[in-house]
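Keep in mind that what you see is a predicted model, and the values were worked out from it rather than measured. The chain is numbered in sequence order, starting from 1.
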Amino acid sequence: MSTDTGRGRRDLPGTPVFDGDTSRRGFRMNKLFMSLRDAGNRERFLADEAAYCRGFGLSGEQQEAVLGRDWQAMIDLGGSIFYVYKLAMMDGRSMQYLGGVFTGMGEDDFVAAMRAGGRRDG
């Protein structure tokens with residue numbers, strides 16, 4: 001496992017790095033997302049999303065991102081894509097949908113790009 005933290009490690013334009021700092025920043029939000037594995041928690045979340053967010057102690061920015069389904073903001077605020085996806089699934093969204101959001105391509109274009117062998121950024 002690399003512990004490289006030098007130049008280049010964070011110099012990845014358009015690529016969020018999920019590291020220890022990011023994990024700590026998004027801990028409460030990611031914990032909320034993981035709780036959605038349980039059917040009872042999903043019901044409680046859907047009944048009052050804002051109250052559910054408050055129960056996990058989300059920051060105002062995190063709560064706004066979750067309630068507004070601002071997927072990019074969730075990642076920027078410390079969300080792990082693997083956990084954020086649990087919320088997307090509740091909304092009937094696919095991983096390809098999120099890929100489209102994060103690349104600015106739209107879901108159909110993202111799927112087409114992946115079937116053609118992936119994105120070509122340069």
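Taking the salt bridge (charged side-chain N to carboxylate O under 4.0 Å, His left out) definition, one finds that E61 meets it with nothing, sequence neighbours left out. In this structure R28 satisfies the side-chain contact (heavy atoms from CB on, under 4.5 Å) test together with L58, sequence neighbours excluded. Taking A51 as the reference, D48, R54 meet the side-chain contact (heavy atoms from CB on, under 4.5 Å) condition, with sequence neighbours excluded. For D70, the side-chain contact (heavy atoms from CB on, under 4.5 Å) criterion is met by A65, Q72, A73, not counting sequence neighbours. For R25, the side-chain contact (heavy atoms from CB on, under 4.5 Å) partners two or more places apart in sequence, or in a different chain, are T22.
In this structure a side-chain-to-backbone donor-acceptor pair under 3.5 Å is present from Q62 to S59. Using a distance-only test at 3.5 Å, with no hydrogens or angles considered, no donor-acceptor pair links the side chain of R115 to the main chain of A112. Panel note: side chain N41, backbone S35; a donor-acceptor pair is recorded below 3.5 Å. A donor-acceptor pair under 3.5 Å is absent between the side-chain atoms of D109 and the main chain of G100, judged by distance alone.
One finds the CG atom of L87 at 6.5 Å from the CG atom of L36 (value rounded to the nearest 0.5 Å). For the atom pair OH of Y83 and CZ of R37, the computed distance is 8.5 Å after rounding to the nearest 0.5 Å. Atom CH2 of residue W71 and atom CZ of residue R93 lie 7.5 Å apart, to the nearest 0.5 angstrom. Between F110 atom CZ and M95 atom CE the span is 9.0 Å, to the nearest 0.5 Å. The CG atom of D91 sits 14.5 Å away from atom NZ of K86, with the distance rounded to the nearest 0.5 Å. M90 CE to R42 CZ: the interatomic distance, rounded to the nearest 0.5 Å, is 7.0 Å.
The two atoms that bring M29 and G78 nearest to each other are CE-C, 4.1 Å, heavy atoms only. For the pair L67 and C53, the tightest heavy-atom approach, listed with the atom from each and the gap, is CD2-SG, 4.2 Å.
Between E49 and R69, at least one side-chain N (NZ, or NE/NH1/NH2) sits under 4.0 Å from a carboxylate O, which counts as a salt bridge.
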Inset, instruction - Evaluate the criterion side chain to side chain contact (heavy atoms under 4.5 Å, CB included) for residue pair M74 and N30; output intermediate values, then yes/no. - result: CA-CA 9 Å; M74 289 182 228; N30 289 320; over 6 Å; no

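Hydrophobic clustering (side-chain heavy atoms under 4.5 Å, transitive across Ile, Leu, Val, Met, Phe, Trp, Tyr) keeps F102 apart from V111.
Identified under the ring pair (Phe, Tyr, Trp, His ring centres under 6.0 Å) test for residues 21-49, with sequence neighbours left out: F45-Y52.
Residues L77 and Q63 fail the side-chain proximity criterion, which asks for heavy atoms closer than 4.5 Å.
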